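This chain uses plain numbering: 1 for the first residue, then up along the sequence. Order of appearance sets the numbers: ligands from 1, and atoms from 1 within every ligand. What you see is a predicted model; the values in this text were computed from it and never measured. Computed from heavy atoms alone, side chains included, the values below leave out hydrogens, waters and symmetry copies.
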Amino acid sequence: MTEIRGVGIGLGVAQGPVARMAEPLPAPLDEPSALTPDEETARVTDAVAAVARELEERGAQAGGAARDVLEAQAMMAEDPTLADEVGTRVRAGKTGEFAVHDAFASFREQLTALGGYLGERAADLDDVAQRVIARLRGVAAPGVPDPEHPFVLVAKDLAPADTALLDLDKVLALVTTEGGPTSHTAILAREKSIVAIVGAGAAKDLVDGETVIVDAAKGVVTTDPTDEERAQAQHRADARASAASAPITDGALADGTAVPLLANLGNPAAAAEAVALGAEGVGLFRTEFLFLSSAQAPTVEQQREAYTQLLQAFPGKKVVVRVLDAGADKPLPFLNDAHEENPALGLRGLRALRASEDILREQLTALAEADAATDADLWVMAPMVSTVEETEYFTAVAREYGVKTAGVMVEVPSSALLADHILASADFASIGTNDLTQYTLAADRLLGSVASFQDPWHPAVLRLIREVGRAGAERGKPVGICGEAAADPLLAVVLVGLGATSLSMAPTALADVRATLLEHTLDDARVIADATLAATDAATARAAAMTAAARTHQKETQQ
Ligand code: PEP
Ligand code: MG
């Protein structure tokens, strides 16, 4: 048995035989074209248009987030700057195939150099180029294999067009050697609840037909598993399936303590599905996701429309909207224009908004207008707050616009350590465990080489969360969790034991967390949390929680 590590998406586990995705088309040779530049241009224009239409059609068929992704890809295909770049090469006598390959490759380099969200779009661009070149050559674009039995799909990185239309009866799990947690493969896998591990470099050596276990919760692909490992994996998969079919109830512990289960959203269009999955409101609306591709700051009208649509989906329910969190993994050109060596430590989040206060004020105006037009209970919070002074600044500005509940995210250790003072002026705190882990362990959350440090089970992270939980209890203020940690069912129990009063997560994680909370009382949760705090590293904290949870759960079921 060997273990291949990557970044798990979601919590699923699946097993089955490997089927590898076909290798990409060989790169076209740089040889002179036998056609005139006009003839080459006409071929390329036709091929690009056909690919764009095909991507749009696939998008319409798939719906949801896949449609947005594929429409964005279709726009990439027809991007005028790219067309100019291709034209320049064709006029220099290159073949259409080579011109497309070369122009897309240089654009890809620029995107990769930008890093973060845009860097992860590079794979989307490669896919568009492959599709156009395949069409010019009159061959089929490389796609998902069809071995006529269920399989674990192993690929370098999946194109959105392939992920969107995966046959979920056949694809048991997805493993990619490239791509990070915010790649489109990851986003779509999360949305479709496909068991997936991305960035598992060593999976390049897997061969067709060999059996593997894909454990997304651990981020591990196990090759040549023992019978016992296979049986355990099956047991977990069955438990998840039964959680998914359990009745949808409000989040609560076994003793009836309410723990509202909320959704993390980045687009109002996803609200209906979150409601269907039992979200009791929204714990984190990432407004920057609406404007990642905008060169200009969004207008008040654009924003009002989006926020109104969101709030309308949750009448009478709590909706926590985060003001723009620009920078590092989510650069917004209109807020982050300076080059920074360490953007995660730079002018990001509230710091960037404060430096362009007009944008913050316009966003608060739009939120106030949307609030006035709807019946949701709007809470507004600021990202990346690192001092008490920033907290006072944000809550004061938010109140100028009539925001009734103004809070801050705790994502930086300094804020966790001073949570008692932070909560003196903020109405609530919401802990962003993704960044809190990144900053506590000093490990870039997007960097594969330090991914093993990015583990919210680390007791140093949990001790900081305890500080915030304590401060919230002392001041009688809510402390939510909105990082990925809330989506890990056992860790969710720990977080409640540390004082979290609500949990917000990707809607597809709600069922698992709901089922696990119901197995433990508040006293149990505190005992389990205490066990993790005594650990020295993430692995022992997780193991201690499992042992303590099994013990308390057994006690519960005997009573
Ligand atoms: C976090 O950092 O945990 C968080 C919820 O914010 P984001 O992932 O958008 O940075
Ligand atoms: Mg964050």
Which of the atoms of ligand 1 are close to C482, meaning less than 4.0 Å from one of its heavy atoms?
5 (C)
D435, N/O/S atom nearest the Mg ion (ligand 2)
OD2
Which atom of E411 is nearest the Mg ion (ligand 2), counting N, O or S only? It is OE2
shortest atom 3 (O) of ligand 1-to-protein heavy-atom contact is with N434 N, 2.7 Å
If hydrogens are left out, which of E484, K330, E411, Q438 has an atom nearest to atom 4 (C) of ligand 1, that is, the closest non-hydrogen atom?
E411
Is R348 touching ligand 1 with its side chain, its backbone, both, or neither, if touching means heavy atoms under 4.0 Å apart?
neither
Determine, stepwise, if the pair R286 / D325 fulfils salt bridge (charged side-chain N to carboxylate O under 4.0 Å, His left out).
CA-CA 8 Å; R286 291 179 162 104; D325 182 17; over 6 Å; no
Could you see which bit of L284 sits under 4.0 Å from ligand 1, with heavy atoms only: side chain, backbone, both or neither?
side chain
Do other residues, nucleotides or ligands put more than 12 heavy atoms under 6.0 Å from the CD atom of E362?
yes
Are the side chain of Q454 and the backbone N or O of N434 linked by a donor-acceptor pair below 3.5 Å?
yes
Is the shortest N/O to N/O distance between R445 and ligand 1 below 3.5 Å?
yes
Under the salt bridge (charged side-chain N to carboxylate O under 4.0 Å, His left out) criterion, do R399 and D427 qualify, and how do the steps go?
CA-CA 11 Å; R399 289 192 182 113; D427 295 322; 3.0 Å; yes
Provide, to 0.1 Å, the distance between atom 6 (O) of ligand 1 and the closest protein heavy atom, together with that atom's residue and name.
R322 NH1, 3.0 Å
Less than 6.0 angstrom from the centroid, inside 45 degrees of the normal: does R322 satisfy that with respect to the ring of F285?
no
So, does E390 use its side chain to make a donor-acceptor pair with the main chain of T387 at under 3.5 Å?
yes
Would you say the side chains of Q363 and T287 form a donor-acceptor pair under 3.5 Å?
yes
Could you tell me whether the Mg ion (ligand 2) has an N, O or S atom of D325 under 2.8 Å away?
no
D435: numbered ligand 1 atoms lying under 4.0 Å from its heavy atoms
1 (C), 2 (O), 3 (O), 10 (O)
Looking only at heavy atoms, which two atoms of K477 and L423 are closest? And how far apart?
NZ-O, 2.7 Å
Under 4.0 Å from any heavy atom of R286, which atoms of ligand 1 are there?
4 (C), 5 (C), 6 (O), 7 (P), 8 (O), 9 (O)
